[in-house]
Amino acid sequence: MKRERPSALSSFNRMINVAKGKQIVVFLDYDGTLSPIVSDPECAFMSDQVYDFVKLDGVYYSGSHGMDTIGPAQKNNNYDKNYQQRSFDNEGREFIVFQPAQDFLPAVKKMLTEVKERTQNIPGVAIEDNRFCLSVHYRHVKDEDYGRLEEQVNLMLADHADFHLTRGKKVLEIRPSIKWNKGDALKYLLETLGFHDSGDVFPIYIGDDKTDEDAFKVLRERGEGYPIIVSSAPRDTVALYSLHNPSEVQLFLTRLSKWGSDNAATTHRQ
């Protein structure tokens, strides 16, 4: 329903009172959430303050709509072990790389070459290789050229039945046709972290894109936690709260971090 959601900043104290005594787990989108949306996706960078926040210990990363996830070191027996590979970071810490669309990699590489060839004569097109999916950005494509762009993408997809097209903010996304989205990735991480059936955890998911709605729905179905939409205008969403832009996301995360530090200090003194 398209109506303004309450601000997560002005509602912060009321929101956080519900989470008292629970472990807060935060899930964040990137473009449009941690960094502003820019004309060139390669130039989407976080502010220094947000960068300092997300490089804390205990941070896990998930890309390609959750099809490329770096998670905790233990394998999740509810998911195919063939897609869970053990690895180590530069400091020797162990983690699991979970890639449920691994079988589609050769086809994605082939399609990357093909979509570049098909769109090379359409000015303004930018192709982003997200490894397990492809993003065709058309923010700089003239309106009169958009129909030709969409036609070329659809013609290519006609030869790749295992893929489908989704739409985001000025972007066409070519994705493997598997039952996997950001909501599934959220469930996977909660389970792997040991929080799936726990009443002691309080998840918060912040995102700005249509694809984040799948994660919002998971939290609504779970009956606890806060889905927060990042948008400067009212939108159709199942999110409960809103933030207007990445600057407000930064303010919210700063307040949340400070609350966590103050709460831990109070608990320690007791």
Side-chain angles (χ1 to χ4, degrees), residues 15-16 18-30 33-34 53-89 91-105 130-133 166 173 175-229 237-241 253 256-257 260 264:
M15 292 170 65
I16 214 65
V18 179
K20 280 185 177 177
K22 298 185 178 184
Q23 182 170 353
I24 296 176
V25 185
V26 182
F27 299 88
L28 299 157
D29 185 38
Y30 188 77
T33 299
L34 288 178
F53 181 89
V54 299
K55 68 179 183 180
L56 297 171
D57 290 337
V59 173
Y60 300 104
Y61 297 88
S62 186
S64 293
H65 303 287
M67 289 182 279
D68 191 10
T69 299
I70 296 175
Q74 63 271 26
K75 289 188 177 182
N76 190 323
N77 293 327
N78 292 327
Y79 297 85
D80 193 329
K81 291 184 179 180
N82 292 323
Y83 299 135
Q84 300 180 69
Q85 304 298 322
R86 199 173 303 279
S87 190
F88 298 86
D89 64 16
E91 298 179 8
R93 289 176 296 197
E94 187 177 357
F95 58 88
I96 294 293
V97 179
F98 179 51
Q99 298 173 331
Q102 198 173 83
D103 297 339
F104 293 87
L105 272 177
N130 295 310
R131 194 174 188 199
F132 291 96
C133 59
T166 62
E173 294 188 312
R175 299 166 60 180
S177 295
I178 62 172
K179 189 195 175 302
W180 195 263
N181 54 46
K182 290 183 180 180
D184 296 301
L186 175 58
K187 288 179 182 177
Y188 168 79
L189 282 169
L190 285 171
E191 287 182 20
T192 309
L193 289 164
F195 294 146
H196 181 60
D197 297 318
S198 173
D200 297 328
V201 65
F202 200 86
I204 296 173
Y205 188 105
I206 307 176
D208 75 299
D209 200 77
K210 291 178 182 178
T211 57
D212 295 307
E213 293 293 328
D214 293 313
F216 294 162
K217 289 174 185 175
V218 168
L219 293 191
R220 294 297 299 268
E221 291 167 0
R222 185 183 173 94
E224 61 182 351
Y226 291 129
I228 302 175
I229 184 76
T237 181
V238 298
L240 293 173
Y241 292 92
L253 293 177
L256 185 63
S257 179

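- Gln99 contributes atom CD, which lies 12.5 Å from atom CG of Asp80 (distance to the nearest 0.5 angstrom).
- In terms of heavy atoms, Asp89 sits closest to Phe95 at N-CE2, 3.2 Å.
- For the atom pair NZ of Lys217 and CG of Leu186, the computed distance is 13.5 Å after rounding to the nearest 0.5 Å.
- Taken to the nearest 0.5 Å, the OH atom of Tyr60 stands 9.5 Å off from the OG1 atom of Thr192.
- Leu189 and Gly71 make their closest contact through CD2-CA, 4.4 Å (heavy atoms, listed as atom of the first residue, atom of the second, distance).
- Distance check: Asn181 CG to Met67 CE gives 9.5 Å after rounding to the nearest 0.5 Å.
- Not a single donor-acceptor pair under 3.5 Å links the side chain of Arg131 to the backbone N or O of Asp68.
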side-chain contact (heavy atoms from CB on, under 4.5 Å) between Asp200 and Gln23, intermediate numbers included: CA-CA 6 Å; Asp200 297 328; Gln23 182 170 353; 6.0 Å; no
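- Counting non-hydrogen atoms of neighbouring residues, nucleotides and ligands closer than 6.0 angstrom, the NZ atom of Lys75 exceeds 12 such neighbours.
- Judged by distance alone, with hydrogens and angles left aside, the side-chain atoms of Thr237 form a donor-acceptor pair with the main-chain N or O of Ala239 at under 3.5 Å.
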Evaluation steps, ring pair (Phe, Tyr, Trp, His ring centres under 6.0 Å), between Trp180 and Tyr83: CA-CA 13 Å; Trp180 195 263; Tyr83 299 135; 9.8 Å; no
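- Counting heavy atoms from C-beta on, the side chains of Phe104 and Phe132 never come closer than 4.5 Å.
- In this structure, Gln84 contributes its side chain and Asn76 its backbone to a donor-acceptor pair below 3.5 Å.
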Steps toward side-chain contact (heavy atoms from CB on, under 4.5 Å) verdict (Val201, Arg222): CA-CA 11 Å; Val201 65; Arg222 185 183 173 94; 3.1 Å; yes
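- The closest side-chain heavy-atom distance from Leu253 to Leu28 is below 4.5 Å.
- Closest heavy-atom contact between Gly225 and Leu240: O-CD1, 4.2 Å.
- Residue Ala73 comes nearest to Arg86 through the heavy atom pair O-NH1, 2.9 Å, listed as atom of the first residue, atom of the second, then distance.
- Using a 4.0 Å cut-off between charged side-chain N and carboxylate O, Asp212 and Lys182 make a salt bridge.
- Remark: Asp209 CG to Asp29 CG distance equals 6.5 Å, nearest 0.5 Å.
- For the pair Tyr226/Ile24, no side-chain contact is recorded, criterion being any heavy-atom separation below 4.5 Å from C-beta on.
- Between atom CD1 of residue Ile204 and atom CD of residue Glu224 there is a gap of 11.5 Å, rounded to the nearest 0.5 Å.
- Remark: the Asp208 side chain and the Thr33 side chain contain an N/O donor-acceptor pair separated by less than 3.5 Å.
- Tyr79 and Tyr188 have perpendicular rings, their planes meeting at more than 60° on a 0 to 90° scale where under 30° would count as parallel.
- Nearest heavy-atom pair across Val238 and Phe216 is CG2-CB, 3.4 Å.
- The nearest pair of heavy atoms linking Tyr241 to Met15 is CZ-CG, 3.7 Å.
- Side-chain contact check for Ile96 versus Gln85: every heavy-atom pair is 4.5 Å or farther apart.
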